[in-house]
Amino acid sequence: MSFKKFAAQANEVIKFALEEFDIKNKSYTITEPPKEDFGDLSCNVAFLLTKELQKSPYQIASLLVEQYRHYYNQNKQEFGYYISSVAAHESGYINFKANFDLIGNEISSDILENNLSFLDLGKHKKVIVEHTSVNPNKSLHVGHLRNVVIGDTLYRILKKTNHDVTVLNYVDDSGVQVADLLVGFLYLKFPIQPADKNIKFDKYCGNEIYVKVNELYEKDPTLIEKRKSLLKKLELGDPEINSFASKITLKVLTDQLVTCWRIKARYDLLNFESHIIRSDLWKKTFEKLQHEKIIAKETEGNNIGCWTFDSSDEGTKIIVRSDNTATYIAKDIPYALLKVGTIEDIFNYRIFAKQWDDTNLWSSTTDNSGNVTRPIFFPAEYSITVIDSRQTRLQNIIKEILNKLTQKANEYRHFSYGPVLLSSRTAKSLGIGGASEKSVQMSGRKGIYIDADFVLDTCYSKAKEETMKRNPEITGEDLEKTSEEIAISAIRYSLIKNDLEKEIKFDMIDSLSLEGNSGPYLQYAYARCCRLIEKSNAKSFYGDMNYLSSVIENRIIKHLSKFTIIIEDTINAMEPKLIAHYAYELATLFNIFYEKLPILKEIDTNISAARISLVEAVRLVLKVNLCLVGITPLDRM
RNA sequence: GGACCCAUAGUUCAGUUUGGAUAGAAUGGCUGCCUGCGGAGUAGUUGGUCGAGGGUUCAAAUCCCUCUGGGCCCGCCA
């Protein structure tokens, strides 16, 4: 949008002025100044020329600006119409002010008439995003939620910018954690149904069985032997054990999906680890690794009898154990190969469920009934695996192996993020952690975590209370839906607004806040826009932006005109938080505008019409941004 | 022991990629603003040796080095 053109013209001006002094290939930057008094863009080139020209920055800046003025006076039509003024500042900067009349009218037609349909950055590039992938032995806690929210937000942003996105959820249904559950059901005789019928099955397994079984391992080591034998049976495909395990894991998975769908995540495909292990896929991968001499069988030393990979950075890693079972990392290799296209997709697929957004969720299947028309899932040109930073080393090894297998492996990226910790206050409320500790690691195994549904439920109650207080007329289903959407927005926003690589210190009380820099704040600004538009009775928005001249109006216009830049930055840097920050700033600017200037009550009809059009533009951009981060815009709240 | 990550206001965090003008929000505390288009808002105030030290530079929260503190990973676990 227009801000980019403005910046490009500022650059032209500098380039032109430099050429007049016969200076070429000088690098400089044009950035936004810290204060708006200075202008809308600033260039630092004068600082960089002090040695060459033996003059002060201010003298140089003045000379350059003079050159431009001189030229501009003679050739008004040539360039610079997005620029309203250029000035040398005493500090040495060259400051540009934008022509907001022009930019205002351009963005108003971009947004109001073209409906933001210009975001084709992907050009149908095929992208895979794998996220969630929670072991099917427990319910989700807030740590998992961060994964889901990051993954789903990536999906939304990529999709909106015209990438062909396939979302995968990998189900590790044959690992130790499932074996733990089997120990509980088969040896410790936990009933198949929880005593309390209201309790979700995933919570029953995670909170009661999984934690209890792990406690008992300490007291009764024979249970660990039992787990080991169950694990082996799982891997080798023992029919009875597998059918039972599959029943349990599917039930847990189904309940997990309820939570994921609740916060508006969605998937295209479930891949089951058991299917990969028992298919030819693993066999083929194993053969390929041997054939390409990427792995070797150890004939001496500690790892005798194992197939190992020599990583340049990580040393020797065992891929296949001496008892011929595959390690955790090994099981990920065929999946990665499938994603990037070095191995063929041999699976059959079936529709697993219909989702909240009316799309099909598919799943791999072991039977041969897969003769159905279905989407092509693999491979992708770019595949993203969302897993927390603790798995970085393993992901690096997988990448290293991929690169050895083929030079033209499509791009495989580990999308890393920091884990979620409990704040000391929240930990204390659970009876964990000393007074000195700043935060506490969650552990599903030890039962130290905040359950995802619990957070959502608590936030929902709070939102409901607040909504009733403010809007007594909202009742029944409307009230429930509104409260739920507010709760989701609070949680999603709090998990996406921070830097990816930093850990989040999750605090139960803070995260219930519906004020300040929060999801509901954004929704509130949007709802205000809606009410204004509704009350204006405007059918169309042809307000002339030339009538807007106050500082705050120009700040909004400027911010709106940067929308496409933010989207591009988000895609280039793969930083979903940029969208959240942009939306927050837009909401803040709008609230100030709303506070300071009359809109519907403005007497001058031209100004009023222009302001209403501005509100509509803000509303539309806010709406797109909210949807990108998975927050539902509400007309009322 | 080796690898990686983090450190900014009482608290939670932006800003570091690409060095630049008086380091910004939110929250907490205090004080204002609805006979105004929705107060989930807004205005003000309080609060900072940008972990420490050195270096590069006209200029460092930002780049480099050293150190300190915290985290995380390094298994024939997943």
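Naming convention: chains lettered A, B, ... in sequence-line order (proteins, then strands); numbering from 1 in each chain.
- In this structure A:Asp388 satisfies the side-chain hydrogen bond (donor to acceptor under 3.5 Å, both in side chains) test together with A:Arg390, sequence neighbours excluded.
- Secondary structure note: stems in RNA chain B built from 3 or more consecutive Watson-Crick or G-U wobble pairs under 3.5 Å occupy B:4-7 with B:68-71, B:10-13 with B:24-27, B:28-33 with B:41-46, B:51-55 with B:63-67.
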Name the pairs: protein N/O against N/O of nucleotides 57-59 of chain B, kept only if under 3.5 Å.
{"from": "B:C58", "atom 1": "OP1", "to": "A:Lys51", "atom 2": "NZ", "distance (Å)": "2.9"}

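- Remark: the A:Lys35 side chain and the B:U22 base include a donor-acceptor N/O pair separated by less than 3.5 Å.
- Residues passing the salt bridge (Lys or Arg N to Asp or Glu O under 4.0 Å) test with A:Asp173, sequence neighbours excluded: none.
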Q.
Protein within reach of the bases, or only the backbone? For nucleotides 8-13 of chain B, mark each nucleotide 5' to 3' as B, S or -, using heavy atoms under 4.0 Å.
A. -----S

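- Judged as a salt bridge (Lys or Arg N to Asp or Glu O under 4.0 Å), the pairs with a partner in residues 297-320 of chain A (not counting sequence neighbours) are, in order, A:Glu314-A:Arg393.
- Ion pairing between a basic and an acidic side chain is recognised when a charged N comes within 4.0 Å of a carboxylate O; A:Asp507 and A:Arg425 show such pairing.
- Comparing B:C74, B:A21, B:C76 by their closest approach to the side chain of A:Lys317 singles out B:C74.
- Exactly one residue among A:Tyr58, A:Phe96, A:Phe47, A:Phe38 makes a ring pair (Phe, Tyr, Trp, His ring centres under 6.0 Å) with A:His89. That residue is A:Phe38.
- Judged by atom type and distance alone, A:Asn95 reaches the base of B:A21 through a side-chain donor-acceptor pair under 3.5 Å.
- Residues meeting the side-chain hydrogen bond (donor to acceptor under 3.5 Å, both in side chains) test with A:Arg531, sequence neighbours left out: A:Glu534.
- Residues satisfying the side-chain hydrogen bond (donor to acceptor under 3.5 Å, both in side chains) criterion with A:Gln256, sequence neighbours excluded, are absent altogether.
- Residues forming a salt bridge (Lys or Arg N to Asp or Glu O under 4.0 Å) with A:Glu36 (at least two apart in sequence, or on another chain): A:Arg555.
- One cannot find a donor-acceptor pair under 3.5 Å joining the base of B:C76 and the side-chain atoms of A:Arg321.
- Counting distance only, with no hydrogens placed and no angle test, the side-chain atoms of A:Ser389 and the base atoms of B:C5 include no donor-acceptor pair under 3.5 Å.
- Below the 3.5 angstrom threshold, one finds a donor paired with an acceptor across the side chain of A:Ser42 and the base of B:A21.
- A stacked arrangement is not assigned to A:Tyr524 and the six-membered base ring of B:G38, the conditions of a centre distance below 5.5 Å and an interplanar angle below 30° not being jointly met.
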Give every donor-acceptor pair under 3.5 Å between a side-chain atom in residues 587-599 of chain A and any protein atom, sequence neighbours left out.
{"from": "A:Thr588", "atom 1": "OG1", "to": "A:Tyr521", "atom 2": "OH", "distance (Å)": "3.3"}
{"from": "A:Thr588", "atom 1": "OG1", "to": "A:Tyr584", "atom 2": "O", "distance (Å)": "2.9"}
{"from": "A:Asn591", "atom 1": "OD1", "to": "A:Arg528", "atom 2": "NH1", "distance (Å)": "2.7"}
{"from": "A:Asn591", "atom 1": "ND2", "to": "A:Tyr521", "atom 2": "OH", "distance (Å)": "3.2"}
{"from": "A:Asn591", "atom 1": "ND2", "to": "A:Ala587", "atom 2": "O", "distance (Å)": "3.4"}

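- Every residue two or more places apart in sequence or in another chain that forms a salt bridge (Lys or Arg N to Asp or Glu O under 4.0 Å) with A:Lys4 is listed here: A:Glu568.
- Every residue two or more places apart in sequence or in another chain was checked for a side-chain hydrogen bond (donor to acceptor under 3.5 Å, both in side chains) with A:Arg146, and none qualifies.
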